[in-house]
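This report refers to the structure that appears directly beneath it.
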Amino acid sequence: MADLKMVLEKTNDLKSKIDSVLRYSTYDKCDDLGDLEINYKDSEQLFLLEELQAIMRSLGEVRGRLTYLALPIREVSRLHRNESGRYETESGHYYTSGSPIEALVDDGYRNVPYWVWTTLEHNGEDYFLVGYGSVDMDGLTVRVRGEV
């Protein structure tokens with residue numbers, strides 16, 4: 001029976017192939033694939049271009065998630081509001097609107113707290129986790145990934 005670790009390893013094996021396809025497609029240079037040779041008067045080529053653009057965007061997202069998961073966890077701590085009204089970790093890593101955040105949520109969806117990767121936004125009064133608006137930010141456990 002397959003397990004999560006093995007599936008992640010198999011998925012990571014795809015990363016080099018995804019990198020190669022994205023490079024070859026010119027996605028890394030021009031994410032609308034505008035550098036590809038195409039006959040813009042050929043309806044079939046226009047169809048394929050649109051489909052490939054959607055595929056490359058999805059592959060780019062997969063690559064981004066795999067890259068993120070490969071980063072080491074450099075801090076696990078609780079958030080507190082700093083003097084400028086932003087939430088920050090014990091080491092001083094702070095979040096603003098649009099910041100990606102990895103948080104341990106306990107929203108009643110599962111029987112145990114679980115890690116989610118989402119973004120932070122501000123509603124005019126306070127910051128909140130996108131998709132988890134009822135989760136209290138003050139004291140929230142978060143993980144910060146990145147090179148140490």
Side-chain angles (χ1 to χ4, degrees), residues 1-77 79 82 84-89 91-110 112-137 140-148:
M1 175 183 243
D3 64 11
L4 282 174
K5 186 177 178 182
M6 182 59 73
V7 171
L8 182 59
E9 285 177 19
K10 296 268 185 209
T11 306
N12 279 326
D13 291 344
L14 290 174
K15 188 172 178 305
S16 64
K17 290 181 181 176
I18 291 171
D19 287 339
S20 176
V21 168
L22 290 176
R23 242 185 339 272
Y24 186 78
S25 72
T26 71
Y27 179 84
D28 287 335
K29 182 179 173 190
C30 189
D31 66 1
D32 69 352
L33 307 184
D35 280 355
L36 288 179
E37 289 184 29
I38 179 172
N39 179 351
Y40 287 93
K41 294 180 181 183
D42 183 316
S43 58
E44 181 63 20
Q45 286 193 17
L46 291 171
F47 170 75
L48 290 174
L49 176 63
E50 277 196 32
E51 291 303 306
L52 286 172
Q53 287 169 334
I55 290 167
M56 296 309 135
R57 278 191 300 274
S58 294
L59 289 175
E61 183 178 341
V62 168
R63 176 177 61 183
R65 288 178 174 267
L66 289 172
T67 300
Y68 175 79
L69 287 175
L71 293 171
I73 296 168
R74 66 174 209 229
E75 180 184 6
V76 178
S77 69
L79 292 180
N82 65 20
S84 64
R86 295 183 176 133
Y87 287 94
E88 71 177 33
T89 66
S91 74
H93 180 87
Y94 67 90
Y95 300 90
T96 61
S97 289
S99 292
I101 185 169
E102 190 172 344
L104 187 64
V105 298
D106 188 2
D107 61 358
Y109 179 69
R110 303 196 191 275
V112 296
Y114 59 101
W115 291 102
V116 297
W117 188 30
T118 185
T119 54
L120 200 69
E121 288 299 337
H122 198 280
N123 62 12
E125 295 179 22
D126 200 5
Y127 289 96
F128 66 95
L129 297 178
V130 173
Y132 306 90
S134 64
V135 173
D136 189 17
M137 293 293 298
L140 180 66
T141 301
V142 298
R143 294 195 293 209
V144 178
R145 291 181 188 252
E147 301 305 321
V148 180

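Keep in mind it's a predicted model, so treat the numbers as computed, not measured.
The side-chain heavy atoms of S99 and T96, taken from C-beta on, include a pair separated by under 4.5 Å. By the 4.5 Å heavy-atom criterion applied to side chains, T141 and W115 are counted as neighbours. In this structure the side chain of M56 never reaches within 4.5 angstrom of the side chain of D31, judged on heavy atoms.
When all heavy atoms of G98 and T119 are compared, the pair lying nearest together is O-CG2, 4.0 Å. Residues Y95 and P100 share a closest heavy-atom pair of CE2-O, 3.5 Å. Minimum heavy-atom separation, L71 to G146: CB-N, 3.9 Å. Contact detail for Q53 and D32: the closest heavy-atom pair is NE2-O, 2.6 Å. Residues L33 and T26 approach most closely at CA-OG1, 3.8 Å, considering heavy atoms. Taking every heavy atom of both residues into account, L104 and L140 meet most closely at O-CD1, 3.4 Å.
Heavy-atom contacts from other residues, nucleotides or ligands closer than 6.0 Å to NZ of K29 number 12 or fewer. Atom CD of Q45 has more than 12 heavy atoms from other residues, nucleotides or ligands within 6.0 Å. Residue Y40 places its OH atom among more than 12 non-hydrogen atoms of other residues, nucleotides or ligands, all under 6.0 Å distant. Residue-environment remark: OH (Y68) exceeds the threshold of 12 foreign heavy atoms within 6.0 Å.
We find the CG-CZ distance between L52 and F47 to be 9.5 Å, quoted to the nearest 0.5 Å. Annotation: the span from T67 atom OG1 to I18 atom CD1 amounts to 9.0 Å, rounded to 0.5 Å. Between the OG1 atom of T11 and the CG atom of L69 there is a distance of 9.5 Å, given to the nearest 0.5 Å. In this structure, the separation between CG on D3 and CG on L8 is 10.0 Å, given to the nearest 0.5 Å. Taking CZ of R86 as the start and NE2 of H122 as the end, the distance is 10.0 Å to the nearest 0.5 Å. Taking NZ of K15 as the reference point, atom OG of S20 lies at 11.5 Å (rounded to 0.5 Å).
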Practice problem: Begin from the C-alpha positions of V144 and I73 and carry the test side chain to side chain contact (heavy atoms under 4.5 Å, CB included) through to its verdict. | Solution: CA-CA 6 Å; V144 178; I73 296 168; over 6 Å; no
Quiz item: Given the rule in the side chain to side chain contact (heavy atoms under 4.5 Å, CB included) test, do F128 and L120 qualify, once you have shown the distances and angles that lead to the verdict?
Solution: CA-CA 6 Å; F128 66 95; L120 200 69; over 6 Å; no
Exercise. Please assess V142 against V76 for the test side chain to side chain contact (heavy atoms under 4.5 Å, CB included), listing each intermediate value before the final yes or no.
Key: CA-CA 6 Å; V142 298; V76 178; over 6 Å; no
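T118 places a side-chain N or O within donor-acceptor distance of the main-chain N or O of V130, the cut-off being under 3.5 Å. Put simply, the side chain of S25 gets close to the backbone of V21: a donor and an acceptor are under 3.5 Å apart.
Y132 and D106 share no donor-acceptor pair across their side chains, judged by distance under 3.5 Å alone. Counted by atom type alone, E88 and N82 present one or more donor-acceptor pairs between their side chains at under 3.5 Å.
Salt-bridge formation is not detected for the pair E61/R57: no Lys NZ or Arg NE/NH1/NH2 atom is positioned less than 4.0 Å from an Asp or Glu carboxylate oxygen. Between E102 and R145, at least one side-chain nitrogen of the basic residue sits less than 4.0 Å from a carboxylate oxygen of the acidic one, meeting the salt-bridge criterion. A salt bridge links R63 with D19: the closest approach of a Lys/Arg side-chain nitrogen to an acidic carboxylate oxygen falls below 4.0 angstrom.
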